[in-house]
Undergrad: 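Before anything else, here's the structure in question.
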Amino acid sequence: MTSYIIRRLIMMIPILIGISIISFAIMYAAPGKPAIMNLDPEISPEVREAQIERLGLNDPIPVQYVRWLGNVAQGDFGTSYSRKMPVTEMILERLPNTLLLMASSLFLAAIIAIPFGVISATRQYSLTDYGVTFGSFIGLATPNFWLGIMLIMVFSVQLGWTPVGGVATIGADFSIIDRLKHLLLPALVLATADMAGLTRYTRSSMLEVVNQDYIRTARAKGFRERRVIYKHGLRNGLIPVITMFGLMLPTMIGGSAIVESVFGWPGIGKLFIDATFQRDYPVIMAITMFGALLTVIGNLIADILYAVLDPRIEY
């Protein structure tokens with residue numbers, strides 16, 4: 001297992017470099033210069049050109065990339081063009097909020113989707129199964145930004161049960177209840193699409209498991225149905241589902257940018273949206289690489305969990 005993990009970590013290096021090259025090329029091919037976006041429009045052309053030269057934006061793109069990669073190898077992601085502060089400091093400032101939102105969304109998706117998937121599989125072709133299937137399709141088809149706006153209108157504006165946005169009430173003392181109220185709607189919206197997909201995946205996996213010989217043997221021994229399903233069947237049924245958690249990380253990173261913008265959640269997703277409009281290249285690249293790294297690590301964790309759930313798997 002240790003050698004497998006080491007090999008996977010080494011394989012991450014060329015993958016991340018490839019992602020950085022593609023992202024860098026696409027970003028610099030977009031119209032607009034950061035020096036133009038962040039300078040006073042009344043400023044003289046000479047000063048503007050001096051700013052572009054100072055930022056090194058007149059150099060060929062390969063030269064700019066190599067310079068950026070060399071700085072990243074030393075742990076320096078550069079300085080924000082718009083806020084004039086280290087990019088690492090900006091990300092670390094907002095990273096806890098995004099990790100909290102993503103962890104809460106994963107937790108909600110797991111505790112809701114897996115039980116519903118199991119119930120749907122064990123009651124195949126029943127009204128319950130059709131209801132869960134219909135709800136899953138609705139969840140997959142509903143855009144995050146629309147669902148977030150609708151929930152704000154209902155629960156925040158009309159009912160007043162939850163705050164409109166933000167991570168905490170401004171000026172109020174720290175309170176876990178207050179933080180949970182701010183967290184509930186963003187986490188629920190971010191988890192919706194993944195929850196729907198995870199439900200369908202769990203149902204499909206459990207349908208294969210409940211028809212296996214060892215499940216029939218467990219029933220023949222007189223075990224209660226609940227024990228047969230949740231102790232003998234669910235563990236094997238979750239093995240393919242683990243793959244979904246690795247695939248959910250990229251969608252959550254992308255979805256968090258939309259959700260954080262709708263709810264005014266001060267995370268790196270909202271920071272990414274702001275940096276995109278401002279052509280803040282160092283911030284965009286840093287967040288892109290963070291998302292890629294998190295995705296690769298998520299897939300690695302999924303592979304490790306395979307061996308935990310199924311002792312037959314060896315690396």
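Being a predicted model, the structure only gives us computed values, none of them experimental. Both backbone and side-chain heavy atoms feed into the values below; hydrogens, waters and symmetry mates do not.
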Undergrad: Nearest 0.5 angstrom please: Lys221 NZ to Arg227 CZ, how far?
TA: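 Answer for the NZ-CZ pair, Lys221 versus Arg227, is 9.5 Å.
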Undergrad: By salt bridge (Lys or Arg N to Asp or Glu O under 4.0 Å), which residues pair with Asp76, not counting sequence neighbours?
TA: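 Per chain and number, Asp76 pairs via salt bridge (Lys or Arg N to Asp or Glu O under 4.0 Å) with no residue.
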Undergrad: Minimum heavy-atom separation for Val164 and Phe263, please, with both atom names.
TA: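 Shortest heavy-atom contact: O-CD2, 4.0 Å.
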Undergrad: Does atom CE (Met153) have a neighbourhood of more than 12 heavy atoms from anything else shown, all under 6.0 Å?
TA: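 No, the 6.0 Å shell around CE holds no more than 12 heavy atoms from other groups.
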Undergrad: If hydrophobic clusters are built by linking Ile, Leu, Val, Met, Phe, Trp and Tyr wherever their side-chain heavy atoms come under 4.5 Å apart, do Phe77 and Phe290 end up in the same one?
TA: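 Result: yes, single cluster for both.
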Undergrad: Could you tell me which non-hydrogen atom of Ala191 sits nearest to which non-hydrogen atom of Leu108, and how far apart they are?
TA: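 Between these two residues, the closest heavy atoms are CB-CB, 4.3 Å.
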Undergrad: Give every residue pair that meets the side chain to side chain donor-acceptor pair (under 3.5 Å) criterion with at least one member in residues 99-110, sequence neighbours excluded.
TA: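 Applying side chain to side chain donor-acceptor pair (under 3.5 Å) to every pair that reaches into residues 99-110, excluding sequence neighbours, yields nothing.
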Undergrad: Can you find a heavy atom in the side chain of Gln278 that is under 4.5 Å from one in the side chain of Val283?
TA: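 Side chain of Gln278 against side chain of Val283, heavy atoms only: no contact under 4.5 Å found.
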Undergrad: Once side chain to side chain donor-acceptor pair (under 3.5 Å) is applied, do any residues pair with Asp213, and if so which ones, sequence neighbours excluded?
TA: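 Residues passing side chain to side chain donor-acceptor pair (under 3.5 Å) with Asp213: Arg216.
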Undergrad: Using the test side-chain contact (heavy atoms from CB on, under 4.5 Å), find all partners of Arg123 that sit at least two apart in sequence or belong to another chain.
TA: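 With neighbours one apart ignored, the set is Ile119, Ser126, Thr128.
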Undergrad: With clusters defined by side-chain heavy atoms of hydrophobic residues (ILVMFWY) lying less than 4.5 Å apart, directly or transitively, does Leu147 cluster with Leu159?
TA: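 Yes, because Leu159 and Leu147 connect within a single hydrophobic cluster, where side-chain heavy atoms sit under 4.5 Å apart.
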Undergrad: Give, for atom OG1 of Thr202 and atom CG of Leu234, the distance between the pair rounded to the nearest 0.5 Å.
TA: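 Between atom OG1 of Thr202 and atom CG of Leu234 there are 8.5 Å.
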Undergrad: Hey, what do you get for CG (Leu101) to CG (Leu183), rounding to the nearest 0.5 Å?
TA: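 So the gap between those two atoms works out to 6.5 Å.
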Undergrad: Name all residues meeting the salt bridge (Lys or Arg N to Asp or Glu O under 4.0 Å) criterion together with Lys181; count only those two or more places apart in sequence or in a different chain, and write none if there are none.
TA: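 Listed in chain order: nothing, the list is empty.
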Undergrad: Not counting sequence neighbours, list each pair that qualifies as a ring pair (Phe, Tyr, Trp, His ring centres under 6.0 Å) and has a residue in residues 184-230.
TA: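 Found Phe223-His232.
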Undergrad: Under a single-linkage definition using a 4.5 Å side-chain heavy-atom cutoff for Ile, Leu, Val, Met, Phe, Trp and Tyr, are Leu151 and Leu184 assigned to the same hydrophobic cluster?
TA: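 Shared cluster, no.
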Undergrad: So Met285 and Trp68, do their side chains get closer than 4.5 Å, heavy atoms only?
TA: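 With C-beta onward as the side chain, the pair touches.
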Undergrad: In this structure, would Val72 and Val63 fall into the same cluster of hydrophobic residues linked by side-chain contacts under 4.5 Å?
TA: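 Shared cluster, no.
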Undergrad: Under the side chain to side chain contact (heavy atoms under 4.5 Å, CB included) criterion, do Lys270 and Asp274 qualify, and how do the steps go?
TA: CA-CA 6 Å; Lys270 189 174 186 304; Asp274 296 339; 3.5 Å; yes
Undergrad: In Å, rounded to the nearest 0.5 Å, how long is the span from CG of Leu294 to CD1 of Ile268?
TA: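 The CD1 atom of Ile268 is 8.0 Å from CG of Leu294, to the nearest 0.5 Å.
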Undergrad: Taking only residues two or more places apart in sequence or in another chain, which ones pass side-chain contact (heavy atoms from CB on, under 4.5 Å) with Gln124?
TA: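 For Gln124, the residues satisfying side-chain contact (heavy atoms from CB on, under 4.5 Å) (neighbours in sequence not counted) are Asp129, Arg203, Leu207.
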Undergrad: By salt bridge (Lys or Arg N to Asp or Glu O under 4.0 Å), which residues pair with Arg67, not counting sequence neighbours?
TA: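 Scan of Arg67 (salt bridge (Lys or Arg N to Asp or Glu O under 4.0 Å), adjacent residues dropped) gives Asp59.
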Undergrad: Hydrophobic side-chain clustering at under 4.5 Å (ILVMFWY, transitive links): who's grouped with Leu127? Put none if nobody.
TA: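 Direct or chained contacts put Leu127 with none.
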Undergrad: How would you list, by chain and number, every residue that makes a salt bridge (Lys or Arg N to Asp or Glu O under 4.0 Å) with Asp178, sequence neighbours excluded?
TA: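 Salt bridge (Lys or Arg N to Asp or Glu O under 4.0 Å) check on Asp178 returns nothing, list empty.
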Undergrad: Test of understanding: clusters of I, L, V, M, F, W, Y form through side-chain heavy atoms closer than 4.5 Å, transitively. Do Phe272 and Leu95 belong to the same one?
TA: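 Yes.
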Undergrad: Between Pro186 and Val259, which heavy-atom pair has the shortest distance, and what is it?
TA: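 Scanning both residues, the minimum pair turns out to be O-CG1, 3.6 Å.
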Undergrad: List the atom pairs, donor and acceptor, that lie under 3.5 Å between side-chain atoms in residues 136-146 and the rest of the protein, sequence neighbours left out.
TA:
residue : atom : partner : partner atom : Å
Ser136  : OG   : Val132  : O            : 2.8
Thr142  : OG1  : Ile138  : O            : 2.6

Undergrad: Once rounded to the nearest 0.5 Å, what's the spacing between atom OG1 of Thr162 and atom CD1 of Ile152?
TA: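 Rounded to the nearest 0.5 Å, the OG1-CD1 separation comes to 8.0 Å.
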Undergrad: Is a donor from one side chain sitting under 3.5 angstrom from an acceptor on the other, for Arg200 and Ser120?
TA: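 No, Ser120 and Arg200 have no side-chain donor paired with an acceptor closer than 3.5 Å.
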Undergrad: Any idea which heavy atoms bring Met90 and Leu271 closest together, and the distance?
TA: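 Minimum heavy-atom contact is CE-CD1, 3.6 Å.
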Undergrad: What heavy-atom pair brings Val209 and Gly233 nearest, and what distance separates the two atoms?
TA: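 The answer is CG1-O, 3.4 Å.
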Undergrad: How close do Val87 and Ala286 get, counting heavy atoms only, and between which atoms?
TA: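 For Val87 and Ala286, the tightest heavy-atom pair comes out as CG1-CB, 3.5 Å.
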Undergrad: When rounded to the nearest 0.5 angstrom, what is the spacing between CD1 in Ile284 and CE in Met289?
TA: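 Answer for the CD1-CE pair, Ile284 versus Met289, is 14.0 Å.
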Undergrad: Counting C-beta onward and ignoring hydrogens, is there a side-chain heavy-atom pair between Glu260 and Thr98 closer than 4.5 Å?
TA: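 Glu260 vs Thr98: side chains touch.
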Undergrad: Under 3.5 Å, which donor-acceptor pairs do the side chains of residues 9-26 form with other protein atoms, sequence neighbours left out?
TA:
residue : atom : partner : partner atom : Å
Ser20   : OG   : Leu16   : O            : 3.4
Ser20   : OG   : Ile17   : O            : 2.6
Ser20   : OG   : Tyr65   : OH           : 2.7
Ser23   : OG   : Ile19   : O            : 2.9

Undergrad: Taking C-beta and beyond as the side chain, do Trp161 and Ser156 meet within less than 4.5 Å on heavy atoms?
TA: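 They are not in contact (no side-chain heavy atoms under 4.5 Å apart), so the answer is no.
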